[in-house]
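Hydrogens, waters and symmetry mates play no part in the numbers below; they use all other heavy atoms, side chains included. Below, read A as the first sequence line, B as the second, and so on, with proteins coming before strands; counting in each chain starts at 1.
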Protein chains: 2
Amino acid sequence: MSTLSLAILGLISQGPRSGYDLRKAFATTPMGHFSMSPGAIYPALKRLEESGLVRGTVERKRTLRPREVYALTEEGREALRSTLLQPIGRDDVIWRMDNLMLRFAFIGDVCGHEQAIAYLKALATHTESYVRELKGFRAMVVGRGAIYGRLALQHGLASYAATARWARHAAKELEKAHREPAAHQ
Amino acid sequence: MSTLSLAILGLISQGPRSGYDLRKAFATTPMGHFSMSPGAIYPALKRLEESGLVRGTVERKRTLRPREVYALTEEGREALRSTLLQPIGRDDVIWRMDNLMLRFAFIGDVCGHEQAIAYLKALATHTESYVRELKGFRAMVVGRGAIYGRLALQHGLASYAATARWARHAAKELEKAHREPAAHQ
DNA sequence: CGATACATGTAACCGGTTACATGATTTT
DNA sequence: AAAATCATGTAACCGGTTACATGTATCG
């Protein structure tokens with residue numbers, strides 16, 4: 001499942017959405033990391049409908065401005081759930097971090113608070129492990145010239161370290177929110 | 001120019017490379033963020049050659065295991081230089097950060113130390129400006145539920161902030177290296 | 001009345017992924 | 001002799017980007 005499909009499925013899981021709604025969501029929130037072009041969204045919706053994960057119904061059928069609203073099917077919810085709960089791997093951390101963040105954004109509502117916390121811990125663990133890997137690589141290239149490469153590597157390191165720190169912190173926050181339910185509700 | 005083409009061009013700018021060399025470089029360094037599949041690299045090399053940016057010559061022509069090595073043309077060096085010096089925009093920061101980091105990795109050797117420093121400063125400025133934008137967005141969503149979304153946003157914030165910090169720090173480092181040339185050479 | 005927002009789509013293009021294909025050379 | 005490495009490619013597929021097309025409704 002592509003990142004875009006996952007984003008669409010996740011948004012629809014929060015309630016029925018039209019293609020236009022989705023475009024707006026992508027355009028006006030920092031979710032805009034994901035495509036907002038109609039040429040991507042409408043075909044993606046069609047594909048999701050073909051595979052039975054969403055079902056579209058036309059609202060205002062008889063008016064001159066109809067609007068097709070998509071809702072998650074049971075099958076779709078199941079697919080979303082199983083995608084979100086897929087174990088995290090090294091490759092995900094390296095090549096699909098945006099996917100991992102997207103999964104986090106939805107996992108709490110779809111799979112429950114505990115799953116969100118477990119997910120963050122797994123994410124932290126895997127990210128920290130990759131940080132160690134990068135440090136090992138850095139140790140291999142010490143000294144010997146290539147200052148630009150070294151600095152670029154340093155960025156990767158700093159960036160992944162920030163993600164790991166965030167994951168640990170966010171996990172603690174969710175645990176706190178769990179212990180003190182509706183504290184600031 | 002796609003990220004892959006840029007990576008290839010940058011590597012070739014350091015010296016002639018074969019397709020296999022490039023695959024190895026992508027597979028064994030943290031540059032592996034970029035594709036290492038032959039199905040991407042060989043066609044990309046062909047395209048670069050067609051547009052005159054690299055020229056391939058067959059080594060060991062008469063042996064049973066020939067090897068085609070590509071070198072940068074003058075035109076290629078010019079294209080690389082102008083790509084690297086392209087001004088940074090908001091969209092680059094949001095959608096093409098990996099491209100920006102790749103550009104940094106090569107800009108020093110291709111365009112000179114001063115350009116690398118200027119590039120880092122511009123990168124820091126643009127990243128900081130996006131961080132401010134995200135903070136503004138966060139301020140808009142305060143309180144009101146959506147803890148997962150808030151945390152996801154927090155990650156973006158932390159991640160971009162780390163990049164900005166890194167850029168400032170790296171710029172200082174390059175300036176220092178400039179003032180104390182060959183200090184630890 | 002003009003601009004903006006609502007609303008959905010198509011078509012050409014590009015390029016990356018996956019999987020397959022081939023075979024020589026070197027190392028164990 | 002088997003396994004790993006060297007070395008280059010092709011073909012089918014997928015899906016995102018860009019640009020285009022169409023028309024209504026609402027607001028100032």
Side-chain angles (χ1 to χ4, degrees), chain A residues 1-9 12 16-28 31-51 53-54 56-70 89 91-92 94-96 98-99 102, chain B residues 1-9 12 16-28 31-51 53-54 56-70 89 91-92 94-96 98-99 102:
Chain A
M1 171 140 45
S2 77
T3 301
L4 179 60
S5 302
L6 180 57
I8 291 178
L9 220 51
I12 290 181
R17 298 271 196 282
S18 70
Y20 192 77
D21 291 337
L22 294 168
R23 287 184 63 198
K24 256 194 321 187
F26 290 139
T28 59
M31 287 257 280
H33 272 286
F34 312 101
S35 174
M36 66 195 78
S37 73
I41 286 177
Y42 290 105
L45 279 170
K46 282 279 165 62
R47 283 195 300 272
L48 288 172
E49 187 165 35
E50 269 164 31
S51 38
L53 305 187
V54 302
T57 52
V58 179
E59 271 183 4
R60 304 204 289 252
K61 207 168 299 191
R62 332 226 55 204
T63 66
L64 284 163
R65 201 163 72 187
R67 164 188 153 90
E68 185 158 16
V69 176
Y70 293 87
D91 288 3
D92 294 314
I94 302 180
W95 284 301
R96 288 177 288 275
D98 51 348
N99 224 288
L102 195 56
Chain B
M1 171 138 45
S2 75
T3 301
L4 180 60
S5 302
L6 180 58
I8 291 177
L9 221 50
I12 290 181
R17 297 270 195 283
S18 70
Y20 193 77
D21 290 337
L22 294 168
R23 285 185 63 200
K24 256 196 319 190
F26 290 139
T28 60
M31 287 255 280
H33 272 286
F34 312 102
S35 175
M36 65 195 78
S37 75
I41 287 176
Y42 291 105
L45 278 170
K46 283 278 165 63
R47 282 195 301 271
L48 288 172
E49 187 164 35
E50 269 164 31
S51 39
L53 305 187
V54 302
T57 52
V58 180
E59 271 184 4
R60 303 206 289 253
K61 207 169 297 193
R62 332 225 56 204
T63 66
L64 283 162
R65 201 163 71 187
R67 164 188 152 89
E68 185 157 19
V69 176
Y70 294 87
D91 288 2
D92 294 314
I94 301 180
W95 284 301
R96 289 178 288 274
D98 52 348
N99 224 288
L102 195 57

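The nearest heavy atom of DNA chain D to A/Thr3 and to A/Pro38 marks one nucleotide each, and the one closer to the 5' end goes with A/Thr3. Of the two residues near DNA chain C, B/Ser2 and A/Ser18, the one whose nearest nucleotide lies more 5' is A/Ser18.
Among A/Leu45, A/Leu48, A/Asp21, the one residue that satisfies the side-chain contact (heavy atoms from CB on, under 4.5 Å) test with A/Ile12 is A/Leu45.
Between the CZ atom of A/Phe26 and the P atom of D/dG16 there is a distance of 10 Å, given to the nearest Å. Summarising the geometry, the separation between CD on B/Glu50 and C1' on C/dG15 is reported as 14 Å, rounded to the nearest angstrom. At whole-Å resolution of the value, CG in B/Asp21 and C1' in D/dG9 are 16 Å apart. Straight-line distance from the CG atom of A/Leu9 to the P atom of D/dG15: 14 Å, rounded to whole Å. If you measure from atom CH2 of A/Trp95 to atom P of C/dT17, you get 9 Å, rounded to the nearest angstrom. When the C1' atom of D/dT5 is taken as reference, atom CZ of B/Arg23 falls 11 Å away, rounded to whole Å. For the pair B/Glu49 CD and D/dT8 P, the computed distance is 13 Å after rounding to whole Å. D/dG16 atom C1' lies 12 Å from atom CD1 of A/Ile8, rounded to whole Å.
Contact of the A/Leu22 side chain with the A/Phe34 side chain is not registered, since no non-hydrogen atoms from C-beta on lie closer than 4.5 Å. Looking at A/Met1 and A/Leu9, their side chains come closer than 4.5 Å, going by heavy atoms from C-beta outward. Residues B/Ile8 and B/Val54 form no side-chain contact, since every pair of their non-hydrogen atoms from C-beta on lies 4.5 Å or further apart. Looking only at side-chain heavy atoms (C-beta outward), B/Leu53 and B/Arg47 stay at 4.5 Å or farther from each other.
Here the nucleotide nearest the side chain of A/Ser37, chosen from C/dG9, D/dT18, D/dT10, is D/dT18. You'll find that the side chain of A/Glu68 is closest to C/dG9, out of C/dG9, C/dT17, D/dA7. Comparing D/dT10, C/dT17, C/dG9 against the side chain of A/Tyr42 picks out C/dG9 as the nearest. The B/Lys24 side chain lies nearest to D/dC6 when the options are D/dG9, C/dT17, D/dC6. Checking D/dT8, D/dT18, D/dG16 against every side-chain atom of B/Arg67, the shortest atom distance belongs to D/dT8. Here the nucleotide nearest the side chain of B/Arg47, chosen from C/dT8, C/dG15, D/dT8, is C/dG15.
At a threshold of 4.0 angstrom between heavy atoms, the contacts of A/Gly39 include nucleobase atoms, whether or not backbone atoms are also involved.
OP1 and OP2 of D/dT8 both lie 4.0 Å or more from every side-chain N or O belonging to B/Tyr20.
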